[in-house]
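Start at 1 and go down the list; that is how both ligands and their atoms are numbered. This is a predicted model, so every value here is computed, not measured.
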Amino acid sequence: MQPVLFNLGAEESLADSVAGGLEAERGTLELRSFPDGETYLRFDGDCADRPVILLQSLDRPNDKVLPLLLAAATLRDLGASRVGLIAPYLAYMRQDIRFRPGEGVTARYFGRLLSDHFDWLVTVDPHLHRIGSLDEIYRIPTAVARAAPALAGWIGEQVTDPVLIGPDRESEQWVAEVATRSGMPHLVLEKKRSGDRDVRVSAPDLEHHRGQVPVLVDDIISTGHTLIETIKHVVAMGMPPPVCVAVHAVFAEGAAEALRAAGATRVVTSNTIPHPTNRVDVAPALVAAAASLWQELE
Ligand code: R5P
């Protein structure tokens, strides 16, 4: 049976590419709020006995998750044979342990919630740090698409003589993968975060890289403070103003402008979350990850 893909909020161009790559029909639905704020949903066409894909990026998740779960429940009610989720950005991955007594480990709870409603999940570069793999928190089959090849391609085409810099050890997995794929040199700084917007970084010796263009690479830009501190640091070490590259354009209000004001010459992200800085297309990686997961499920 040909799958049907419903787009709940990704860029239409991403939805078209993913549906095309997976040879899925594009379905349409009506999704709106009643005057009291509750969700109204209606799927066009017949989903009975068909595999269904919901495409929804989960940045700013709290407003999106309830409609998403109601959509999955509706599709099951309509007889869909399987309901899978492609979430180019997967939320609630950073609160992965109890840092202070009494806190919720929301990465785990969110994993349980989605696992209760979907048959499979595909995402791009989830923020895996203290949790080693999605299997630790998701009970459903999952697949991870990697943005590194596309990021490496963009940097290779756009930046002459780059040195890749990760702001902290967590970023090493992304920076190292981009470096491996491109043959570009890379190094990783040390970060200390003492609050949501209070970040300090310290550096290894940048002496050997003075003539190169620093390209700061991270998985997420949220407030921008991690990269702003990193920009200040590399510039103070005598390097030219950097280019900032990230997978997920979470961007709290004003973050992109703050990065440019701090000295970033360019700020570039992938299209996992729609944003004016999107330059790198993850559709081929999503299609490959979903196709290989489906093969396993056959
Ligand atoms: C942290 O663990 C992530 O890899 C990013 O460095 C972080 O989420 C960026 O956040 P912000 O832009 O708020 O500093």
* Asked: Would Trp174 and His127 count as a close aromatic pair, with their ring centres under 6.0 Å?
  -> yes
* **Under 4.5 Å side-chain linkage, directly or through intermediates, the cluster mates of Val250** => Tyr89, Ile220, Ile273
* Minimum non-hydrogen distance to atom 5 (C) of ligand 1, winning option of Asp218, Asp96, Thr226 -> Asp218
* Asked: Got a salt bridge between Arg82 and Asp119, using NZ or NE/NH1/NH2 to carboxylate O under 4.0 Å?
  -> no
* Structure fact -> Within 4.0 Å of some non-hydrogen atom of Gly224, the atoms of ligand 1 are 11 (P), 12 (O), 13 (O)
* Can Leu90 be reached from Ile140 by stepping across I, L, V, M, F, W or Y side chains whose heavy atoms are under 4.5 Å apart? -> yes
* Taking both backbone and side-chain atoms of Ile221, is any N or O found less than 3.5 Å from an N or O belonging to ligand 1? -> no
* Under 4.0 Å to a heavy atom of Arg94 - the qualifying atoms of ligand 1, by number -> 8 (O)
* Modelled atom types, side-chain donor and acceptor of Arg266 and Gln158, under 3.5 Å -> yes
* Structure fact -> Using a 4.5 Å side-chain heavy-atom cut-off and chaining through intermediate ILVMFWY residues, the residues clustered with Val105 come out as Tyr109
* Structure fact -> Going by the 4.0 angstrom heavy-atom rule, the piece of Asp219 near ligand 1 is side chain
* Side chain or backbone of His129 under 4.0 Å from ligand 1, or both, or neither, by non-hydrogen atoms? -> neither
* **Glu170: numbered ligand 1 atoms lying under 4.0 Å from its heavy atoms** => 1 (C), 2 (O)
